[in-house]
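Report on the following structure.
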Amino acid sequence: LHSIKEDIDDLYILGLINSRFISYYIKQFITNTQTLQINDFRQVPIKYVDDSIQIKIVELVKNILNLKSQNNEKELEKKENELDELIYDLYELTEEEKEVVRDFRK
């Protein structure tokens, strides 16, 4: 799975699809099964953003991948939460909507 647009980094897509919000969105509006088919994924709303936001998300994803390889759970959770907050802001979620999404994964 990767972007067909050259100006959208694959790590940006990776960050989005592994965020709490997109996980919630998929389970609530696309499929409630464990598997996501490629045609299902086409329904995921990928926001096209300017470079500054995309770079922040890509750098966080790189950090997260590095922390996963180091088994640094505490720092990993912190960075994943930071990524989630960026995604919430990207999709302009209200505080109430953010709480619904946060509670969904617990």
Side-chain angles (χ1 to χ4, degrees):
L1 180 67
H2 60 87
S3 173
I4 59 171
K5 294 194 170 266
E6 290 181 19
D7 56 342
I8 298 178
D9 195 301
D10 290 343
L11 291 177
Y12 170 71
I13 303 288
L14 183 64
L16 290 179
I17 64 176
N18 284 287
S19 70
R20 287 181 185 207
F21 172 65
I22 296 298
S23 294
Y24 172 83
Y25 186 91
I26 288 168
K27 290 292 184 192
Q28 295 299 311
F29 300 107
I30 297 175
T31 180
N32 62 0
T33 66
Q34 292 293 334
T35 58
L36 181 67
Q37 303 294 322
I38 195 68
N39 284 330
D40 294 335
F41 188 75
R42 290 183 177 135
Q43 299 176 57
V44 174
I46 302 297
K47 280 209 86 166
Y48 191 79
V49 296
D50 63 46
D51 287 344
S52 65
I53 296 170
Q54 190 174 162
I55 288 168
K56 285 181 187 177
I57 291 172
V58 167
E59 288 306 311
L60 266 173
V61 169
K62 287 178 182 177
N63 275 325
I64 289 167
L65 292 172
N66 186 40
L67 291 167
K68 279 190 173 285
S69 69
Q70 297 173 9
N71 292 324
N72 188 337
E73 294 298 320
K74 186 175 181 181
E75 192 64 24
L76 177 61
E77 183 177 347
K78 180 180 168 188
K79 292 296 180 185
E80 287 175 339
N81 288 335
E82 193 176 328
L83 176 64
D84 285 331
E85 291 300 321
L86 275 174
I87 303 298
Y88 298 153
D89 292 342
L90 177 65
Y91 285 89
E92 301 175 11
L93 271 62
T94 65
E95 285 304 316
E96 293 82 17
E97 291 167 334
K98 291 176 189 179
E99 283 305 313
V100 169
V101 174
R102 287 181 190 117
D103 290 343
F104 176 73
R105 265 200 160 167
K106 290 183 180 177

Review point. Any sub-3.5 Å donor-acceptor pair from Q54's side-chain atoms to Y12's backbone N or O?
Key: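 Flag not set: sc Q54 to bb Y12 has no pair under 3.5 Å.
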Review point. Is there a donor-acceptor pair closer than 3.5 Å between any side-chain N or O of N81 and the backbone N or O of E77?
Key: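 Yes, N81 side chain to E77 backbone: donor-acceptor pair under 3.5 Å.
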Check your understanding: Run the side chain to side chain contact (heavy atoms under 4.5 Å, CB included) check on I26 and D40 step by step: do they pass?
Key -> CA-CA 8 Å; I26 288 168; D40 294 335; over 6 Å; no
Report the distance from atom [atom1] of [X] to atom [atom2] of [Y], rounding to the nearest 0.5 Å.
| X | Y | atom1 | atom2 | answer |
| --- | --- | --- | --- | --- |
| I13 | I46 | CD1 | CD1 | 4.5 Å |
| I64 | E75 | CD1 | CD | 10.5 Å |
| L86 | Y91 | CG | OH | 12.5 Å |

Point to revise | Nearest heavy-atom neighbours spanning I22 and I17 | key: CG2-CA, 3.9 Å
**Study point:** Considering all heavy atoms, the nearest Y25-P45 contact
**Key:** CE2-CD, 3.4 Å
Exercise for review: Tell me, with the steps shown, if I53 and I57 meet side chain to side chain contact (heavy atoms under 4.5 Å, CB included).
Suggested key: CA-CA 6 Å; I53 296 170; I57 291 172; 4.1 Å; yes
**Study point:** Given E96, E80, E85, the one that forms salt bridge (Lys or Arg N to Asp or Glu O under 4.0 Å) with R102
**Key:** E85
**Study point:** Min side-chain heavy-atom separation L16-L90 under 4.5 Å
**Key:** yes
Review point. Below 4.5 Å, heavy atoms only, C-beta onward: do V101 and D84 meet side chain to side chain?
Key: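 They are not in side-chain contact.
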Exercise for review: Look at the aromatic rings of F29 and Y24 and report parallel, tilted or perpendicular, splitting at 30° and 60°.
Suggested key: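 The rings of F29 and Y24 stand perpendicular, inter-plane angle above 60°.
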Exercise for review: Could you walk me through whether R42 and I30 pass the side chain to side chain contact (heavy atoms under 4.5 Å, CB included) test, one step at a time?
Suggested key: CA-CA 10 Å; R42 290 183 177 135; I30 297 175; over 6 Å; no
Review point. Salt bridge check: are E59 and K79 linked by an N-O gap of less than 4.0 Å?
Key: no
Exercise for review: Apply the test side chain to side chain contact (heavy atoms under 4.5 Å, CB included) to residues L65 and L14: give CA-CA distance (whole Å), side-chain angles for both, the deciding distance (0.1 Å), then the verdict.
Suggested key: CA-CA 11 Å; L65 292 172; L14 183 64; 4.3 Å; yes
Exercise for review: Mind checking salt bridge (charged side-chain N to carboxylate O under 4.0 Å, His left out) for K47 and listing every partner two or more places apart, or none if nothing turns up?
Suggested key: none
Review point. If you draw a 6.0 Å radius around CD in Q43, do more than 12 non-hydrogen atoms from other residues or ligands fall strictly inside?
Key: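 Atom CD in Q43 is crowded, with more than 12 foreign heavy atoms closer than 6.0 Å.
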Point to revise | Enclosure of K27 NZ (heavy-atom neighbours >12, cutoff 6.0 Å) | key: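 Yes, the 6.0 Å shell around NZ holds more than 12 heavy atoms from other groups.
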Point to revise | Cluster check V61, I55: I/L/V/M/F/W/Y, side chain < 4.5 angstrom | key: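 V61 and I55: separate clusters.
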